[in-house]
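Okay, so here's the structure we're looking at.
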Amino acid sequence: MALLPILRYPDPRLNKIATAVDEVDARVRRLIDDMLDTMYAAEGVGLAATQVDEHRRVIVIDTSEERRSPLILINPEIVWRSADIVLGEEGCLSVPAIYDKVERHSAVTVRALDRGGSTFERRVEGLTAVCVQHEMDHLLGKVFVEYLSPLKRERIRSKMAKRTREEQQEQRHRA
């Protein structure tokens with residue numbers, strides 16, 4: 001398994017729309033394994049392939065306490081949304097150390113392919129429902145900060161760009 005580099009906002013590759021997976025083969029399963037390793041190492045609860053510069057419709061999620069119950073979603077689509085909306089604090093591995101409130105449906109039913117290529121449907125709620133909606137946004141080229149006001153979004157963009165520049169300078173000095 002490999003740890004994959006996670007793209008950081010405002011990287012324009014985060015705005016690419018992911019394409020459907022035609023066949024769940026060894027390459028897709030390797031991507032899933034690498035994404036899981038990357039998500040766990042980064043201490044995240046979800047990761048979309050878009051975030052690791054693979055623009056295919058693949059998501060991994062694990063909101064379990066023990067962190068051993070991954071949910072794999074290939075070519076996911078939300079087929080039902082609850083009428084109830086929740087306002088919750090979200091963060092993102094592509095926007096580290098930034099959190100803000102976003103409205104999401106409190107429960108959704110998602111239809112997807114599993115790791116073996118079989119279709120399934122699952123109704124999820126709470127954190128898992130929020131995570132499914134957040135990661136599916138990534139597949140559509142949308143980062144959670146795009147739900148925020150233009151002013152907040154610009155502040156985050158500036159902060160992230162500055163942080164990236166500082167990290168690059170630090171790496172050059174070490175090299």
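Computed from a predicted model, the values in this text were never measured in an experiment. The first residue of the sequence shown is numbered 1, and numbering continues consecutively from there.
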Result block: side-chain N/O donor-acceptor pairs under 3.5 angstrom for residues 40-47, not counting sequence neighbours:
from, atom 1, to, atom 2, distance (Å)
Y40, OH, D62, OD2, 2.5

>> Has S82 got a side-chain atom pairing as donor or acceptor with S106's backbone, closer than 3.5 angstrom?
In response: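 Yes, because the side chain of S82 sits within donor-acceptor range (under 3.5 Å) of the backbone of S106.
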> Is the backbone of L7 close enough, under 3.5 Å, to the side chain of S94 for a donor and an acceptor to pair up by distance?
Replying inline: yes
Members besides [X] in its Ile/Leu/Val/Met/Phe/Trp/Tyr cluster (side-chain heavy atoms under 4.5 Å):
X	answer
V79	none
I17	none
L151	none

>> Taking side chain to side chain contact (heavy atoms under 4.5 Å, CB included) as the definition, give me every residue that meets it alongside A112, ordered by chain and number, with sequence neighbours left out.
In response: L73, P76, F120
>> According to side chain to side chain contact (heavy atoms under 4.5 Å, CB included), who are the partners of N15, at least two apart in sequence or on a separate chain?
In response: E146
Do any side-chain atoms of residues 168-175 form donor-acceptor pairs under 3.5 angstrom with protein atoms, and if so which ones, sequence neighbours left out?
from, atom 1, to, atom 2, distance (Å)
E170, OE2, R174, NH2, 2.8

> Considering residues at least two apart in sequence or located in another chain, which fulfil the salt bridge (charged side-chain N to carboxylate O under 4.0 Å, His left out) criterion with E154?
Replying inline: R157
> With D11, which residues qualify under salt bridge (charged side-chain N to carboxylate O under 4.0 Å, His left out), at least two apart?
Replying inline: R13
> Do other residues, nucleotides or ligands put more than 12 heavy atoms under 6.0 Å from R155 CZ?
Replying inline: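 Check fails, neighbour count at 12 or below.
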>> For K16, is the NZ atom crowded, meaning more than 12 foreign heavy atoms sit under 6.0 Å from it?
In response: no
> Any cation-pi pair here, K159 with Y9, using under 6.0 Å and within 45°?
Replying inline: no
Table please: side-chain donor-acceptor pairs of residues 95-103 below 3.5 Å, with sequence neighbours left out.
from, atom 1, to, atom 2, distance (Å)
D100, OD1, K152, NZ, 3.3
D100, OD2, K152, NZ, 3.1

Do any side-chain atoms of residues 121-135 form donor-acceptor pairs under 3.5 angstrom with protein atoms, and if so which ones, sequence neighbours left out?
from, atom 1, to, atom 2, distance (Å)
E121, OE2, R111, NE, 2.9
E121, OE2, R111, NH2, 2.7
T128, OG1, T63, OG1, 2.6
Q133, OE1, H105, N, 3.0
Q133, NE2, H105, O, 2.9
Q133, NE2, A129, O, 2.9
H134, ND1, E90, OE1, 2.7
H134, NE2, H138, NE2, 3.4
E135, OE1, A48, N, 3.2

> Taking only residues at least two apart or on different chains, which pairs with a member in residues 17-37 satisfy side-chain hydrogen bond (donor to acceptor under 3.5 Å, both in side chains)?
Replying inline: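 Qualifying pairs, neighbours excluded: D33-R115.
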